[in-house]
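Being a predicted model, the structure only gives us computed values, none of them experimental.
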Amino acid sequence: MLSKNQIKLITRLKQKKYRLQDGFFVVEGIKTIKELLQSNLTLHVLYTTETFNIDAKNEILISEEDLKRISFLKTPNKALAIFKTPKAKVVETNRLIVALDAVRDPGNLGTIIRLCDWFGITDLVCSKETVDCFNPKVIQATMGSITRVNISYINLEAFIKNTDLPVFGAFMKGETVYNKQLPKKGILVMGNEANGISNAIETYITEKISIPRFGDLQATESLNVATATAILLSEFRRG
């Protein structure tokens, strides 16, 4: 049976301040855990209802009832692991970079991390107002891609202000991306779900691009930020 201290350590990691303070994050589900075990991330402890056959000191077999007590999911998926939070690496500026300006939804961030992995984007830079990439819901949505994308939380305005790269921003009234000759190197900025790119960041955008609407009524207000990121990255990689 799990001790009160073990349960406390796990459940507090649902909050960002404790993830930062303790240096750990939670991963759930056998498929995602196995992906992270094959990466360079360091496992702290694995609680599971069926053995993974890893180092015994890091694997603790528990009952399904105990798993329900510690899981953040409505339907727990056989295992919960705690990994040490990795340190972000230096951002490589000789390639295409995706930048997020206050993206708040965990599902959107997780999907964008998967998209970066799919399209070979090695660096994702985020404003400090963007949701934490080690939020359990973000981890779930990445499906393991978080191990293959370098994610940095920075002063985004200063980063963009001081870059020599062309800076592309997604706007409703930008130039259609289908008419653009897109470079191999640059920064693609995606904005907040409700408000788009902030005025402070907009100041430093060198190219405003948009995805045109083709519906007859032109009634759709906007695209989901993750969907828009997928379309734009596809266009950057097509050139």
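Counting heavy atoms from C-beta on, the side chains of D66 and R69 come closer than 4.5 Å. Side-chain contact between L96 and L233: present, with at least one pair of heavy atoms (C-beta onward) separated by less than 4.5 Å. Side-chain contact check for N155 versus E157: some heavy-atom pair is nearer than 4.5 Å. Between T49 and L61 the shortest side-chain heavy-atom distance does not fall below 4.5 Å. I187 places none of its side-chain heavy atoms less than 4.5 Å from the side chain of P166.
For T11 (side chain) and I7 (main-chain N/O), a donor-acceptor pair under 3.5 Å exists by modelled atom type. T111 places a side-chain N or O within donor-acceptor distance of the main-chain N or O of G107, the cut-off being under 3.5 Å. A donor-acceptor distance shorter than 3.5 angstrom exists from the side chain of T229 to the backbone of V225, with no hydrogens or angles considered. Looking only at distances, a side-chain donor or acceptor of E28 sits under 3.5 Å from a matching main-chain atom of F72. No donor-acceptor distance shorter than 3.5 angstrom exists from the side chain of Y47 to the backbone of I82, with no hydrogens or angles considered. Between the side chain of S71 and the backbone N or O of L73, at least one donor-acceptor pair lies under 3.5 Å. T206 places a side-chain N or O within 3.5 Å of a backbone atom of V167 that can act as its donor or acceptor partner. Between the side chain of N162 and the backbone N or O of A158, at least one donor-acceptor pair lies under 3.5 Å. Side-chain atoms of E175 do not come within 3.5 Å of backbone N or O of K180 as any donor-acceptor pair.
When every heavy atom of F236 is checked against every heavy atom of P183, the shortest pair comes out as CD2-O, 3.7 Å. Across every non-hydrogen atom of A81 and L43, the tightest pair is CB-CD1, 4.0 Å. The two residues A99 and L156 come nearest to each other via the heavy atoms CB-CD1, 3.8 Å. Closest non-hydrogen pair, I139 versus C133, comes out as CD1-O, 3.5 Å. For the pair P86 and L41, the tightest heavy-atom approach, listed with the atom from each and the gap, is CG-CD2, 3.4 Å. Here the closest heavy-atom approach between residue V91 and residue S152 is recorded as CG2-OG, 3.6 Å.
Y178 and L188 fall within the same hydrophobic cluster, where Ile, Leu, Val, Met, Phe, Trp and Tyr residues are linked whenever their side-chain heavy atoms come under 4.5 Å apart, directly or through other members. Put simply, F159 and M190 are part of two different groups of oily side chains (I, L, V, M, F, W, Y) that touch within less than 4.5 Å, one to the next. Both I197 and Y204 sit in one connected hydrophobic cluster of ILVMFWY residues. Membership requires side-chain heavy atoms under 4.5 Å apart, directly or through other members. Both L223 and V98 sit in one connected hydrophobic cluster of ILVMFWY residues. Membership requires side-chain heavy atoms under 4.5 Å apart, directly or through other members. Hydrophobic clustering of Ile, Leu, Val, Met, Phe, Trp and Tyr side chains at less than 4.5 Å, counting indirect connections, keeps V189 apart from L232.
Put simply, CH2 on W118 and CZ on R237 are 13.5 Å apart, with the number rounded to the nearest 0.5 Å. Considering CG of N108 and CD1 of I113, their distance stands at 11.0 Å, rounded to 0.5 Å. Note: K68 NZ to L80 CG = 15.0 Å, rounded to the nearest 0.5 Å. A distance of 6.0 Å separates CG of N77 from CD1 of I30, quoted to the nearest 0.5 Å. Between the CD1 atom of I62 and the CG atom of L46 there is a distance of 8.5 Å, given to the nearest 0.5 Å. With values rounded to the nearest 0.5 angstrom, I97 atom CD1 is found 12.5 Å from F168 atom CZ.
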For S210 and F171: C-alpha separation, side-chain torsions, deciding distance, then whether side chain to side chain contact (heavy atoms under 4.5 Å, CB included) applies.
CA-CA 5 Å; S210 68; F171 289 87; 5.6 Å; no
*Please step through side chain to side chain contact (heavy atoms under 4.5 Å, CB included) for the pair V26 and F83, ending with a clear verdict.*
CA-CA 7 Å; V26 170; F83 284 85; over 6 Å; no
**Asked** How far apart are the C-alpha atoms of I70 and I10, what are their side-chain angles, what is the distance that settles it, and do they pass the side chain to side chain contact (heavy atoms under 4.5 Å, CB included) test?
**Response** CA-CA 7 Å; I70 59 175; I10 297 161; 3.8 Å; yes
Fill in: Check against side chain to side chain contact (heavy atoms under 4.5 Å, CB included), E193 and V103
CA-CA 6 Å; E193 291 89 344; V103 170; 3.3 Å; yes
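Side-chain contact of T48 with E59: a donor-acceptor pair under 3.5 Å is absent, judged by distance alone.
Taking the six-membered ring for Trp and thresholds of 30 and 60 degrees, F134 and F25 have ring planes inclined between 30 and 60 degrees apart.
For the side-chain hydrogen bond (donor to acceptor under 3.5 Å, both in side chains) condition, the pairs that include at least one residue of residues 123-147, sequence neighbours left out, are R19-D132, D117-S145, D123-N150, S127-E129, S127-T130.
In this structure, E202 pairs ionically with K208, as a charged nitrogen and a carboxylate oxygen lie closer than 4.0 Å. A salt bridge links K78 and E50; the closest N-O separation between the charged side-chain nitrogens and carboxylate oxygens is under 4.0 Å. Using a 4.0 Å cut-off between charged side-chain N and carboxylate O, E35 and K31 make a salt bridge.
Here the options are E92, R148, R95, the test is side-chain hydrogen bond (donor to acceptor under 3.5 Å, both in side chains), and the partner is T122; only R95 passes. When each of R12, K17, K84 is checked for a side-chain hydrogen bond (donor to acceptor under 3.5 Å, both in side chains) with D22, only R12 meets the rule.
The number of heavy atoms from other shown groups lying within 6.0 Å of CG (N94) is above 12.
The side chain to side chain donor-acceptor pair (under 3.5 Å) test applied to Q21 returns no partner, not counting sequence neighbours.
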